[in-house]
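Worksheet: one structure, shown below.
First listed ligand is number 1; within each ligand, the first listed atom is number 1. The shown structure was predicted, so the numbers you read here are calculated from the model rather than taken from an experiment.
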Amino acid sequence: MTSQTLREARKYEETAEKTIKKEERPDFHLCARVGWMNDPNGFSYYNGKYHMFYQYYPYDSKWGPMHWGHAVSDDLLHWKYFPAALAPDECYDRDGCFSGSAVALPDGRHLLMYTGVIKERQKSGDFREIQTQCLAVGDGVDYEKYKQNPVLDEKDIPKGSSRFDFRDPRIWRKKDGTYACVVGSRAADGSGQILLYTSADGFRWNYKKALVENKGRFGSMWECPDFFELDGKWVLLTSPQDMLPQGFEYHNGNGTLCLIGEYDEETETFTEQHDQAVDYGIDFYAPQTVLTPDGRRVMIGWMQNWDTCNLRLPEEPWMGQMSLPRELSIKGKRLYQTPIRELEEIRCNKVEYHGISFSDTVCLEGVKGRCVDMELTIRPEKELYQKFAVRFAQDKKSYTSLSFRPRESVLKIDRKFSGSRRAIIHQRRSLVDSVDKKLKLRIILDRFSVEVFVNDGRQVMSATIYTDQTADGISFLVDGTANMDVVKYDL
Ligand code: FRU
């Protein structure tokens, strides 16, 4: 039975979305159907389609009592909105259906696992959010909450861990047909940890252990974990709050951490071997992954940063978009990301230039646009140049830029002139590897965002931009002389 709260949300979104024109949304990135979107939820392949749910407040373009929005796709680039899937309508989730995940059950049903939130009055008179893990079962459109919710609560957390910070279950089906899930938690020392639970049927859950403990290394609470096998290793993704920068890593305060290591499935022991940031731009958080039918591990994140949400004006009808789907792999010790290969099928109008030698500023015939896939290879000529820059989303007043100083091997993204009316962070610098000072950039633009894949995906920098769509110029600048190849497509 659909509750009144959910029926109202469904009715509202159906009417309200009509006020948003197609060109006012990203072209191939998923954004809120209407109102507010944050984390990806329940990213899964079910009944021959990709399902993406998301943290959703339809009634305003700012965060509010969380619902789950829903969209479905065949190729992860063209999305069709489905009716909202969950609303905060039960005594155990009346203040929000927070993030969670999904899995296909062997009997053909779709199981969602999410965090139910209720505000509880404390002795001090303050209210705090109690978080528990809940289930809902459905057919890809309608979902019914499980009668025995919540299935994990404060009885199921280690002694001293917080009942206020226990959220974002990530469920998966193991090779033996049983289930496991990881949940973000905060240990007695205030530091994040990832708890592991197992279940024979997906409904009755048992606490196993703390799979990974932060012990004060990376920020405080660890949100939105994902845990999967990749290229013979295991990867834990989590989004810690309040991180301190370390060298060129973790500059975003709230950002996504990737731990790569070995996992002994028998003893459920994860041994960390490497850590890195997942995105070196400004806007990326809380990603989830899916395994495609042909065996690719694809990740989508919320292309936003909690600290820079006010870049978009509050009166806009939608706020929040997802990143491009990215194929993951491990090379050497590191996580690599490349745009999902389906993107190549929607590219058109190829324009290419090879071996252009230039000093100063150049614009190239046919190279402009705001929905663009552009690959650049920049190399020094005889002498090393000082600085290379590419500017895009450009007109007389605006541009977003990427600049590279080969001597320091530092790549900078700057969106100061990209529609912002706020004194928030607009720049990020990333230390990139460049063999023989050669730099490869693949720049994907989609109306309100830029994602830069550096050196075949060794690093990625993502940022949202709200420059007028008429600003579609692209130019190249060099201090010195450089040599460049440009291959550009419209998307
Ligand atoms: C992360 C997060 C999650 C939580 C959700 C609430 O961005 O804080 O931990 O479930 O957002 O909307």
Check your understanding: With the threshold set at 4.0 Å, does a side-chain nitrogen-carboxylate oxygen contact exist between K175 and E265?
Key -> yes

**Study point:** Lys NZ or Arg CZ of K331 over Y336 ring: under 6.0 Å, within 45°
**Key:** yes

Point to revise | Atom indices of ligand 1, in the order listed, that fall short of 4.0 Å to a heavy atom of M66 | key: 12 (O)

Exercise for review: Go through ligand 1 atom by atom and flag the ones less than 4.0 Å from a non-hydrogen atom of Y285.
Suggested key: 1 (C), 7 (O)

Point to revise | Close approach of W302 to ligand 1, heavy atoms, under 4.0 angstrom | key: no

Check your understanding: Stepwise, does the side chain to side chain contact (heavy atoms under 4.5 Å, CB included) test hold for R429 with F248?
Key -> CA-CA 7 Å; R429 285 185 171 76; F248 277 90; 4.1 Å; yes

Check your understanding: Say you draw a straight line from NE2 of H426 to CZ of F417; how long is it, rounded to the nearest 0.5 Å?
Key -> 9.5 Å

Review point. If you measure from atom 9 (O) of ligand 1 to every heavy atom of N41, N38, D168, which option wins on shortest distance?
Key: D168

Practice item. Look at atom 12 (O) of ligand 1 and say which protein heavy atom is nearest, naming residue and atom and giving the distance to 0.1 Å. Key: Q55 OE1, 2.7 Å

Study note, to complete from the structure: The protein heavy atom nearest to atom 8 (O) of ligand 1 is E223 OE2, 2.8 Å

Study note, to complete from the structure: ligand 1 atoms nearer than 4.0 angstrom to some heavy atom of S99 are 5 (C), 10 (O)

Review point. How would you list all residue pairs meeting side-chain hydrogen bond (donor to acceptor under 3.5 Å, both in side chains) that involve residues 104-116, not counting sequence neighbours?
Key: S44-H110, D93-Y114, D107-R109, H110-Y143, T115-Q133

Below 3.5 Å, can you tabulate the donor-acceptor pairs from side chains in residues 314-324 to any protein atom, sequence neighbours excluded?
unit_1	atom_1	unit_2	atom_2	d
W318	NE1	E24	O	2.8
Q321	NE2	F448	O	3.3
S323	OG	G301	N	2.9

Check your understanding: Strictly under 6.0 Å, is that where the ring centroids of F227 and W234 end up?
Key -> yes

Review point. Under 4.0 Å from ligand 1, counting heavy atoms only, is it the side chain of T115, its backbone, both or neither?
Key: neither

Exercise for review: For ligand 1, indicate whether the residue W63 contacts it via side chain, backbone, both or neither (heavy-atom separation under 4.0 Å).
Suggested key: side chain

Practice item. Give the residue, atom name and distance (to 0.1 Å) of the protein heavy atom nearest atom 7 (O) of ligand 1. Key: D39 OD1, 2.7 Å

